[in-house]
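A short worksheet on the structure shown next.
Naming convention: chains lettered A, B, ... in sequence-line order (proteins, then strands); numbering from 1 in each chain.
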Amino acid sequence: MADEIKRREFVAIVGVLGATAVAGCSSTAPQQSAQNSAAAPSNGAQAQKALATEPEAFTFLTPPEQAFVSAACDRIIPAEPPGPSASQAGVPYYIDHQLAGAWGNGARMYRPGPWRQGTPEQGYQLALVPAEVYRAAIRAIDEHCNKKYNGNFSGLTPAQQDEALGGLEKGSIDLGVIPATTFFSMLLANTIEGYFADPLYGGNRDKAGWKMIGFPGVAAVYTRHIDQDYGKQYVVPPVSIADVQQGLVQDDMDQMHVAMVRAMQPRNSFGKGR
Amino acid sequence: MATKLKSVDALTIGVGWTGGIIAAELTKAGLHVVGLERGEYRNTSPDFQVPQVHDELSYAVRLKLFQDAGVETVTFRNDASQTALPLRYLIGFLPGTGLGGAGVHWNGTTWRFLPWDFETRSKTIARYGASMLAPECTSQDWGITYAELEPFYDRFEYQAGIAGKAGNLKGKIQPGGNPFEGPRSREYPNPPMKTAYQSALFRDATAKLGYHPFVMPSANVTTAYTNPDGATFGACVYCGYCERFACEMYAKSSPQLAVLPVALKTGRYDLREGVNVVRINLDNTRRRAVSVTYVDGAGGEFEQPADMIFLTSFILNNVRMLLISGIGTPYDPSTGRGNVGRNYAYQANTGATYFFEDKTFNPFMGSGANGMVFDDFNGDNFDHAGAGFIGGADINVNPTGGRPIQYHPVPPGTPSWGVAWKQAVAKWYSHAFNANAQGGVQSYRANYLDLDPTYRDAFGLPLLRMTFDWGPYELKQSAYMADVLGKVGKALGASQTAVRPLKGHYTTQAYQSTHNTGGAIMGSSPASSVVNKYLQSWDVPNLFVLGASAFPQNAGYNPTGTVCALAYHTADAVLKRYVKKPGPLAG
Ligand SMILES: Cc1cc2nc3c(=O)[nH]c(=O)nc-3n(C[C@H](O)[C@H](O)[C@H](O)COP(=O)(O)OP(=O)(O)OC[C@H]3O[C@@H](n4cnc5c(N)ncnc54)[C@H](O)[C@@H]3O)c2cc1C
């Protein structure tokens, strides 16, 4: 039964996409339009069943750091409508996994010295990788909050938290070697990433970030739409990478697109072939 | 000790657009070519397939396909009084790596430069007098004209399947095209891209203002196309994952689609990936390149000799390789002597966002290059008397796909986080679009490339040092374009218009383009250039240096159409003349 619901919802997506490829395939047309209208309100109206996701567990952040990150990203993206808060969307897990992984440990970062302070135009010049920045910055922020408000950041009132975050954003809080603005822009960027990245990374749970703005996710064949129906919103439930890989959109996909895992090209055979 | 390999007719250092073009042209003519590419082998299937390739975080934010700054970066300073520091993360420009180079993850906007662009200096003096040129401006003529390059633009457009509408066919202005472009010998090989609502509004508003909008020329191929060499392409589906992504549809023209299959079919192309070229070796006359040395993934060193060496490693590494190999004289900004590294330039973009209370868009539909453009303020298409700058910008709307981590416009004054921000993101996502004036950049005495004295790459080689800031023209040009973009906002009836003129110093901390140019510039004399109009080194005539490194300054356009036309021009001269009589190509 649950399967059927999922399936119908995905068929609806596929109906829209399928229409782009199956030129003049009249037998599918009425069915598609019915499904399109059934799928119309995208923003949370028909709760899609969540796919199996990664276990909700922290691997890098310590408990006080978890508390800080959850509290801070919930001030960046609070629970007020439309859409869930950052932590409701799983963003703290996203940040944790990023810090534990390649990016947090300095992937794609040039690390040989000498280290010097640069100009703003020269960008990031700390010897610390992002995971180290988070660790040191959170400790310093909690120290600041204890001094000023008599408690860790996570225990403060929303107004106090906003004041502290504002201080970081303006650079008026001393975090030792880490410029407060550097940490704040990292936290802000990571929160936004977690809210809008594919759910496979641990955030954007139930594709809530995508639903909030009406972003259709990975499935995308718009040949028949881009220059049609000017001014009309294209509304479909979003599709994630896992949706496709778990076969939830497969059967009905445009044969030129998502469902088709192309035969691997042998080495040195390029071009589309015929 | 390096293992010495068997000599071949030609080799390319790097296999992106220029390396791929050389490989196809030379192997078709019967020569044996080795392609040496530092990055990995990759192809449309299985590497570029959905759903994985539609992953914004991995590709667009964590920069999966780009040069790894941990291995090699660039050091940067705004002026020579500062100490250059390494770009710890590459952000402002993103060189490619891997088979196909940046030709895999480019957008595909494919321009011909204006006839004026090739003769910037002499035409400026002719129209406005010598006083129009700022004393520090070192922009110069290219040593080649648009008319000479036209057949090779045509070649590239047909090989790559470019989509567009001619604006000038053999001197006759065509409705629907760019009336300012130089004459073309024939129509584009593919029809123009479809027009999204944003672009349609922009077209109507700019036409109302008296400008001349047309559909942006695109390497996002619009039909199932077969090029003159028999290479095949699919049609673009406007999926909205183009720039920074690879195309799953065989539709974004790339070396993999347009030229590498042609080279491989001959059986005379030997493609080696995962090999980093560290040096070009000269003989003791220092007038002949005998080989290159490369290092493989296990640290093995190899020496590959070749009769002809094509340096096709993108502008930054082209210049670095010349300097590391001791070819030519490094530029010295204090004396103005030497040419290698001179005239580094870039692109000066002026952005705008238009917000509409009453209009709805689907920002996620799009392609790398499917927009609407007008050229009324590009090159010398308008009177610059009193403007305080030379050159100009193409002004465009190009819906490339509203992927939400990087695209969530909010009106100026919106806080950057919190409830108000969240509500603004939700409110405006489908009710706004961006425009851009893509400005040219002139060359100046103080802007240049050389080797960094301190920082090295993972192979132990000095990093390239970039010294660059906006010159007097760019800031004025940007202010001018911001005015135009503001006017367009009014004509569009936008509820709010935000324009972003350039201010202060050039920064590496926001992506602007990977349209880096110069440093191994072309020209008509060895006194003022590194290569001749065939991109042949003046100092080492069996070495050809291809890419935007040859641009003496940059136009108000994306570079690749011109980069690739020049590559075809080189291949033509090599095959028709050089192989018969190796040596400097005159005239
Ligand atoms: C995100 C992005 C968007 C772009 N969009 C557009 C656009 O819309 N329109 C446009 O005109 N242009 C665009 N460009 C620019 C375009 O991609 C380049 O102009 C074009 O690819 C240049 O061709 P090339 O052969 O000079 O260099 P590339 O295509 O980059 O190829 C150079 C190759 O050399 C290899 N290499 C470098 N050093 C070595 C070494 N030491 N040993 C071995 N191999 C080496 C590199 O790995 C790379 O594969 C874009 C670029 C980027 C990054």
Heavy-atom distance under 4.5 Å to chain A: side chain of [X], backbone, both or neither?
| X | result |
| --- | --- |
| B:D68 | both |
| B:A231 | neither |
| B:Y506 | backbone |
| B:N43 | both |
| B:T83 | both |
| B:V61 | side chain |
| B:K422 | both |
| B:T195 | both |
| B:Y238 | both |
| B:D358 | neither |
| B:S58 | both |
| B:T508 | both |
| B:L264 | side chain |
| B:Q82 | side chain |

Going through the checks in order, is the salt bridge (Lys or Arg N to Asp or Glu O under 4.0 Å) test met by A:E193 and B:R62? CA-CA 11 Å; A:E193 287 159 18; B:R62 300 285 178 250; 2.8 Å; yes
Taking all non-hydrogen atoms of both residues, which atom of [X] and which atom of [Y] are closest, and how far apart?
| X | Y | answer |
| --- | --- | --- |
| A:S185 | A:T181 | OG-O, 2.8 Å |
| A:E132 | A:A127 | OE1-O, 4.2 Å |
| A:I213 | B:S430 | O-OG, 3.9 Å |

Using modelled atom types and a 3.5 Å cut-off, is there a donor and acceptor pairing between side-chain atoms of [X] and backbone atoms of [Y]?
| X | Y | value |
| --- | --- | --- |
| B:D452 | B:Y455 | yes |
| B:Q49 | B:P46 | no |
| B:Q256 | B:V104 | no |

Between [Y] and [X], is there a side-chain heavy-atom distance shorter than 4.5 Å?
| X | Y | value |
| --- | --- | --- |
| B:T73 | B:R88 | no |
| B:K427 | B:V410 | no |
| B:K194 | A:T223 | yes |
| B:W417 | A:F184 | yes |

Count the heavy-atom pairs under 4.5 Å between each of [options] and chain B, then report the option with the highest count.
| options | answer |
| --- | --- |
| A:Q233, A:E80, A:E169, A:Q122 | A:Q122 |
| A:A102, A:A86, A:G113 | A:G113 |
| A:I77, A:D74, A:D198 | A:I77 |
| A:A107, A:S85, A:G106, A:G83 | A:G83 |
| A:P120, A:G194, A:G123, A:P114 | A:P114 |

Interface moiety of [X] toward chain B, non-hydrogen atoms closer than 4.5 Å:
| X | value |
| --- | --- |
| A:Q228 | neither |
| A:R116 | both |
| A:A189 | neither |
| A:T191 | neither |
| A:L188 | side chain |
| A:D162 | both |
| A:Q161 | neither |

Quick check for you: among [options], which has the greatest number of heavy-atom pairs under 4.5 Å with chain A?
| options | answer |
| --- | --- |
| B:G240, B:C236, B:S416 | B:S416 |
| B:Q406, B:K265, B:E273, B:Q67 | B:E273 |
| B:S254, B:G234, B:G401, B:P363 | B:G234 |
| B:R77, B:R456, B:K359 | B:R456 |
| B:W428, B:F364, B:F66, B:W421 | B:F364 |
| B:D47, B:I91, B:N362, B:L201 | B:N362 |

Aromatic ring proximity, centroids under 6.0 angstrom, [Y] and [X]:
| X | Y | result |
| --- | --- | --- |
| A:H97 | A:W103 | no |
| B:F361 | A:Y230 | no |
| A:F215 | A:F196 | no |
| B:F48 | B:Y250 | no |
| B:F356 | B:H431 | no |
| B:Y225 | B:F233 | yes |

Residues B:F245, B:Y59; criterion ring pair (Phe, Tyr, Trp, His ring centres under 6.0 Å); working and verdict: CA-CA 6 Å; B:F245 301 84; B:Y59 285 83; 5.7 Å; yes
